[in-house]
Each structure stands twice: as C-alpha cells, then as structure tokens.
Protein chains: 4
Amino acid sequence: MSTDLEDAPPAEAVKALGKRERTKKNNREAILDAAKIVFADLGYGATSVRDIIRRTGLASGTFYNYFKSKEEVFEALMDEGMRRIRPRLRAERIRSRTFEDFIRNAYRTYFDYLATDRDTFQVIRRNPNTVRVRMDSPEIIAGFEEIREYIEEDIRNGALPNVDAEYLMAAVVGIAMEIGDRMLRRPEMDAEEASTFATTLVLGGFRTLPHAGDTK
Amino acid sequence: MSTDLEDAPPAEAVKALGKRERTKKNNREAILDAAKIVFADLGYGATSVRDIIRRTGLASGTFYNYFKSKEEVFEALMDEGMRRIRPRLRAERIRSRTFEDFIRNAYRTYFDYLATDRDTFQVIRRNPNTVRVRMDSPEIIAGFEEIREYIEEDIRNGALPNVDAEYLMAAVVGIAMEIGDRMLRRPEMDAEEASTFATTLVLGGFRTLPHAGDTK
Amino acid sequence: MSTDLEDAPPAEAVKALGKRERTKKNNREAILDAAKIVFADLGYGATSVRDIIRRTGLASGTFYNYFKSKEEVFEALMDEGMRRIRPRLRAERIRSRTFEDFIRNAYRTYFDYLATDRDTFQVIRRNPNTVRVRMDSPEIIAGFEEIREYIEEDIRNGALPNVDAEYLMAAVVGIAMEIGDRMLRRPEMDAEEASTFATTLVLGGFRTLPHAGDTK
Amino acid sequence: MSTDLEDAPPAEAVKALGKRERTKKNNREAILDAAKIVFADLGYGATSVRDIIRRTGLASGTFYNYFKSKEEVFEALMDEGMRRIRPRLRAERIRSRTFEDFIRNAYRTYFDYLATDRDTFQVIRRNPNTVRVRMDSPEIIAGFEEIREYIEEDIRNGALPNVDAEYLMAAVVGIAMEIGDRMLRRPEMDAEEASTFATTLVLGGFRTLPHAGDTK
DNA sequence: CATGAATGAGGTTTCATTCAT
DNA sequence: AATGAATGAAACCTCATTCAT
C-alpha cells in the first residue's frame, strides 16, 4: 500500500518494476497517456488497441480491464480534457463581474490550456488531408451546456439581451475550436493573441444579436 | 432526441433505383450516394467498404474501379459538398459591394445549402457519444483559403482593418460549423435565423478586432 | 415451446445463500451449485470458468483450489448424480426377487430422482439447436457396468436367458435417457407414467431376445 | 463449368489445382469433411474453427463464407446424417406391411448406415472420460418426429394399441443410440446382430405397453 | 485459503483487396 | 467494366491461469 505511493518511480523506471507494483490507477493512466500519443502519431482511425497497449508495455488483455474499446479510451481522453477545464471556467465565471469579463477570461484560460496540453488536442488536429475526429462525450456536452447556462443566466439578469443562447454558445465554441486549431499549427503559439482575437469578435457582436425567436 | 432523426431510414435516393435503372446513373454516383447514407447511419469509423458496396447492389470488386478506399470516398463526399458551395460563394463575392454584404450572403448561402443537403452533413454530426469525423480535403482547404483571400483582399483595399486574416477566416468557419450543426438538430431548420445570427456576430465584432501582429 | 421452461431463472439454490451464509457450506459445493445452473443456462460449451465463479461471488483464483477446469466440474456433477443413484439401485437390486422387480424398481427410482433433481439434468437437455453434452465419467461408467453385472448375474443364475448383457444394459440405459428427457420436457412430470412405460417395454421384450453370440 | 465436372480430381490432387477451380459446392463439402475428421480426432469441444480450416487448406476467411461457427458446421453434419437416413426410413415405411416389419427394417437400415459412416458418428462417441456431444438440429428433430408420426398412424389404423407415441419413439431412438454406440466400439461391428437385438426388444414389449393417459 | 489484477496465448472474426471468369 | 469467392493479414477479445498480497 504505502510502498506504492512512496517510491513512485520516475517515468523511465516504470518498466523495471514488477508489474504488480503498478497500481490500478497507474495502469489506467498509462493507457490514457499512451493513447494520447499514439492517436496524435497515427491519427485516431489508424490507431488500433494493439498500438496503444504496445506502447504501455502492458499485456494486451490488461487493456480490457480498463476500457472496452479504443473509442472508450478516446472518450475518456476527451472527458479528461473537459474535466480539467471546467473548474477553471467555473472559477472565471465566479470572479467575472460582467459577461465581457467572463468571455475574455474564459478564452484566455482555454487557449492557455490548449497551448500546454498540445498533445491531447493533436488527436483532433491531424495532418492536412487526414481525417479529424471529435467526440461529444458526456463531459464535453456538459461543459458546453454549462456555458449555455451562464449565457441564460446573464440573459435573465439583464446582462445580456435576449439572444439565442444555444447559438451564442455554439458560436463561442466554434470560434474557440477553429482558432485554437490554427493557433496550434503556428510555430509560435500565442495564447494571448488568440484569446484577444476571439474575445473581441464575440464581444463586438453580441449586443446587436437578433433577439431569440425573431427571424426577420 | 436527435437520435431519432439520425436513424431515420435513408431509402429513396438509392433504393429507388433498382439495379436496373441505375446502369447509366454512373456507378460512381451510386457509390457516393450509398456512402453518404451509410456514413450517416453507422458513422464513418464503423463503416466498411463492404457496407457501402452492399448498399449499392454492386459487386465488391467494382468499388475499386472507382475509389481506392473508404477514406477516398469520404474525401470525395467532402469535396463534392465544397465544390457545390464554392461557385455560389464566388458569385456572392462578386455581387457583394461590401464585406458586410459578402458575409451576410455567404452565410445565407451556406446555411441554405446545409438545410437542403442534410444527408451529407449528417456524416459529421452523429449521436452524442459517437466519434465524429471531419476531413480537410484539398477542396475543403481550398474553400477555406478562398475565404481567407477575400479577407486579405479587403484588407488590402481598405474595406477591412488589418486583422489576422487566418483567424478571422477560422472564426467565420467555426461559427458556420457549430451553428450549422445546431441548426440541423433543431426540428425546424431555419436557415435564415441561423445566418442572421452568425452574420450579426461577425459583423458586430470585426471592426474592433486587434490589428494583425499586435499582441498587447 | 420447451424453451420457456429451460430459461426459467435458476435463483434459489445459490442466490439464497449470500456470500455471508455460505462460508461453511463448502466453497466446493457453491461452485458445483453455480455450475449446475450456469451449464443449464448457457449450455456446457458456452460456459466459461469465469461464468461459474462469477455466480458464486468467489474470486477467480479460488476456483482452482477446487477444480482444475470446467470439464472437471462437469465430471464432478455427473459423478455426483450417479453417486446418489447407485446406492438406491443397489438397494433395489437386493430387495428385488426377480429381474422384473428390479427393472421396475430401478426405473421408478431413476425417474423419481430425475424429477426431483431436474437442474442437474438440464445440463444435458438444452434448447433444440444447441449442442448437448454428456460425459461418461468413471462414476457414470461404473454405474452402467453395475447394471451390466446384475444382468450377467441373472444370466448365470438362470433368471435371464443368455442375452447380450452389454446390449441389454445399453438398451435399458438408452430408454431411461430418452424417455427421461421427454418426461422432463412435459409440463407435468409424471415419474410413474414414465417408469411404467419403460418397464413394460423392457420386460415385454427381454424373454425373446436373441441369445448372445447368435447372429442368424 | 464443364471442366469442373470432367476432371474431378482424385482427392490427393485437390491441392494441386488452382483455388479458383474448386467450386462452391466443393469448398462446403471440404469443410464438412474436414470437420468430421477433426471432431472425431479432437472431440467437439477441443476443436477450433482453425483446426477445421487448417485441414482443408483453405484460407481462414473462407470458412466464414460457408458457416458462421463451429456449431453451425456441427449442425450441418448432424443434418446431413439425418438427411441421408430419412429417405431410407421412409422407403422402409412404405414397403413394410406391419409395424413389426417397419421396426425391423428401420433398425437394420440404421445400424448398417452407422457401420458405414462410422466417422460422422465418432464425433459423438469419444474416448471414455471425454465429453460426448449431440445436437438436435432441425433435421434431427424432424427425423424423430417422422418416426413418431408413423407410430401415431399405426395407432389410428389399429396396427398399434393406443400407446404414448412420444415415449415409444423416444425408446426406439434411445435404444438405437445406445446400442449403436456400443456396436461401434466393438472390434467387429455386426449391424445385423445389433438390429436383431433392438428389434426383438421393442417388438416383444410394445403390445403390452400401457395405454396413453393411463397412469395406474 | 482467498483474492483479483495481470498475463498472453490463441481463438474468432472482419475486411480490404485480388483475380479468374 | 463487372462479378464475387477466395485470400490471409491483422484486429479484436476472451479466458484459463498465475501469483503477489
């Protein structure tokens, strides 16, 4: 028990340890880490469960103690990313006085995160002419919905005009994704530049948005 | 919820032409049509060449007279969509007097098209918890670049401030994709509503966008 | 039709003893009980050691403290059945004055037993179109041989003509198995009816059986 | 086309032929033949699809063009056996004047067949202490039912007393199976001896059988 | 004795692709 | 060009079994 925690081995030494010393948590983690890299290397479609497990040094059967399929690992990876961001978004939400503040801080948080966890997001952003992939896992959906709720709240308390909250959320997310994607491709990733751009665009436009339900 | 819509049986397009009548409606078309439906039904990842060819009634070998792989079919499908839109965008570009005009017309064109060719775009938009897929085929990339060029042109001729053209393009595209996605999930698809929303957002914000190169 | 009966949930026997009460009701018993039910549910071929052990609530490793393989469990199950019947057959043998008496009593004993221990015998009797399985374990063989010996004894002491003892034993057994099988499928199991039928058939015929060694 | 028929190769030469010359029929046959032998060699349980296909020289995938599983091959094998016997039983039925005649001829037919197609039936009859296996495939069931119908016919036309037709059929079948099994194990298989024995037993007893529905 | 995660051999199955017709 | 059975690599996944705790 205590042994496991105490001499947590440096990454390189992991193989040297008897398999039994590695805890459940570690194996799951190991698989997720390997998957992240393999997905980024080969692309989601070309990756096989074998490719992932091979990279961990674990036995093939062990994979299935933790995940049912490659898809499930991918989902876990997406969930993980979103689970890391959500608390930060929530924090921004709380300390932001205005909608403008929130958008600004949220984008900043997101693009910063993107820049540091580049690996995970390369899964999605593959070489040109390759299939890109995305999954709306429960956590991802929940994250999006949370943003929508913030918007609805602000509509209710008058901070925002009565816009189509779902579309505004979609726009915010779409901007984040596409600009994020471009940012990651640039040799110098500049999270501030990206977030300023995104923020300005959204904030410049939201006041004049058509009110929900109006078509004309 | 949205599931119901997606699993709606495809039928007409392909089934309507019994192997007999097809004959001249080029096999290539038949394969593309079948692929469109099968991708939407099964998702890109779960679809096999066999699934596609089975739906055409053609022999499996015949597939290879037209495509090298499932990926190639998918690419062709993406290309096809883009090839249909680009001339319309170009036409809008020409008759638009201002950038505002162009964005408005372009979005309108795009969302209208989306609403009519729902099938094709369902490929990307699968049930929650399913892997969604997108391909930046040459034609797609070219389409995006074309938009970027329009922006750069307008920057050069003073119609637009010196913004980051790639990011603006990315934002325009990201908004189109995410709002488009949401629009398709709504029981009443309202292309006008969607395009008004997108247009307002972009046009409201672009004037105050940071100038390219400025970070602070 | 008969399917309904076979898929009837097993339940009581094992479920009734929650892991707690079990404790002393030897694990070996628990495994045998679980196996009986799982074999009947899934069929012998489709059953895995895991399926059996899962049903006991024991750890997988524990299985191997008691049995080497699924086959060994099955054999133990078959043996168990036979071990329960043999003493009764022997008792019948002793108190029977004539061969007729013995056959009558033996069949009655057997069909009664079958009706009460239905579970065990369902192993063999699966849905139509499913592989059924039977094992001639040492105990089973010994049981059959014992019957053969009784026959040979009766030949020696003149109670029976010099018939082919192995064939007569085989016939007695074959009748028991097939009629037993049919009896179990009937909604109302009537052991007396079955044993009367079997007895009459055997007793009616044995006197005129060809003498061993005669072919023509 | 005609080529295939003309130079039907001797069994040994089959491998020499290009794979394409072997017709669909031939491959199915080849798999069944191989299965028959492998089942007899290894026992049903221990046999894998690989074992079967290896013996044919075909590619592994080819197996699945013909059968879905090992179980399906086994079923086909059982069916095949029964399909060969049934016409002969029907012929016996027609030319038999009395129930006695029919039973006698049917048993003779069956045991003769058993002796000649020993291979197929060895599947069922494995080494002592090994699992034996049996499947009531549709054809098998149909065969049994046909016998039952003959019995019911004879009851209706007065040739037989009003016995329990299902039980009588079961007894006839049980005797055939168990005596057949023993016969196959004897160094000198004597089909006549076996059928005389079985016939005498059944015919000696059937007249005195209890009438259907009577329990006491 | 009991536990149950890890193992990895090996069975099952799919599927892109070929090629004789 | 169309056909579709055959191919066999390779993926998937289960499962009996071990063994450190």
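Each chain gets a letter, A, B and so on, in the order the sequences are listed, and its residues count up from 1.
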Fill in: Whole-Å distance separating the CD1 atom of Ile53(C) from the P atom of dA5(E)
14 Å
Item to complete: Round to a whole Å and report the spacing from CG of Leu42(B) to C1' of dT14(E).
Response: 14 Å
Worksheet entry | Sugar-phosphate, base or nothing in reach of Lys70(A), heavy atoms under 4.0 Å | nothing
Practice prompt. Could you state the atom-to-atom distance from NZ of Lys68(D) to C1' of dT14(E) in whole Å?
Written response: 15 Å
Worksheet item: Angle class for the Tyr44(B)/Phe74(B) ring planes (parallel below 30°, perpendicular above 60°, tilted otherwise)?
Response: tilted
Fill in: Side-chain donor/acceptor of Asp33(A) to backbone N/O of Ala30(A), under 3.5 Å
no
Discussion item. Under 3.5 Å for both donor-acceptor distances, Watson-Crick or wobble: does dT12(E) have a partner, and if so which one?
Written reply: dA11(F)
Worksheet item: Got a donor-acceptor contact below 3.5 angstrom from the Glu75(A) side chain to the Glu71(A) backbone?
Response: no
Discussion item. If you assign each of Asn65(B) and Arg50(A) to its closest nucleotide in DNA chain F, which residue comes earlier from the 5' end?
Written reply: Asn65(B)
Discussion item. Within the 4.0 Å heavy-atom criterion, would you say Ser48(C) contacts the bases, only the backbone, or no part of the nucleic acid?
Written reply: sugar-phosphate
Worksheet entry | Contact under 4.0 Å: Asn27(C) side-chain N or O vs dA2(E) OP1/OP2 | yes
Discussion item. Could you identify the nucleotide paired to dA1(F), looking across every strand shown and requiring Watson-Crick or G-U wobble geometry with both distances under 3.5 Å?
Written reply: none
Discussion item. If I take atom CD1 in residue Ile52(D) and atom P in nucleotide dT13(E), what distance separates them, rounded to the nearest angstrom?
Written reply: 12 Å
Practice prompt. Look at the side chain of Ser60(C) against the base of dA5(E) and say whether a donor-acceptor pair falls under 3.5 Å; ignore hydrogens and angles.
Written response: yes
Discussion item. Under a 3.5 Å distance rule, please check whether Lys70(C) uses its side chain to pair with a backbone N or O of Thr47(C) as donor and acceptor.
Written reply: yes
Worksheet item: Roughly, in whole Å, what's the span from CD in Glu71(C) to C1' in dA16(F)?
Response: 14 Å
Item to complete: Test Thr62(D) against Asn65(D) for side chain to side chain donor-acceptor pair (under 3.5 Å), laying out the working first.
Response: CA-CA 5 Å; Thr62(D) 304; Asn65(D) 290 342; 4.8 Å; no
Worksheet item: Could you state the CD1-C1' distance from Ile31(D) to dA6(F), rounded to the nearest angstrom?
Response: 11 Å
Worksheet item: Between Arg54(A) (CZ) and dC12(F) (C1'), how many Å, whole number?
Response: 14 Å
Fill in: Nearest-Å distance for atom pair CG/P, residues Asp51(C) and dC15(F)
7 Å
Worksheet entry | Among dC12(F), dA5(E), dA5(F), the nucleotide that comes nearest once only the side chain of Val49(A) is considered | dC12(F)
Worksheet item: Which part of the nucleic acid, if any, lies within reach of Phe67(C) when heavy atoms closer than 4.0 Å are counted: base, sugar-phosphate only, or nothing?
Response: nothing
Discussion item. Whether Thr62(A) contacts dT7(E) is assessed here as follows: a side-chain N or O lying under 4.0 Å from the phosphate OP1 or OP2. Is that the case?
Written reply: yes
Worksheet entry | Of Gly61(D) and Tyr66(C), the one whose closest DNA chain E nucleotide lies more 5' | Tyr66(C)
Fill in: Toward the 5' end of DNA chain F, by each residue's nearest nucleotide, Ala59(B) or Tyr64(A)
Ala59(B)
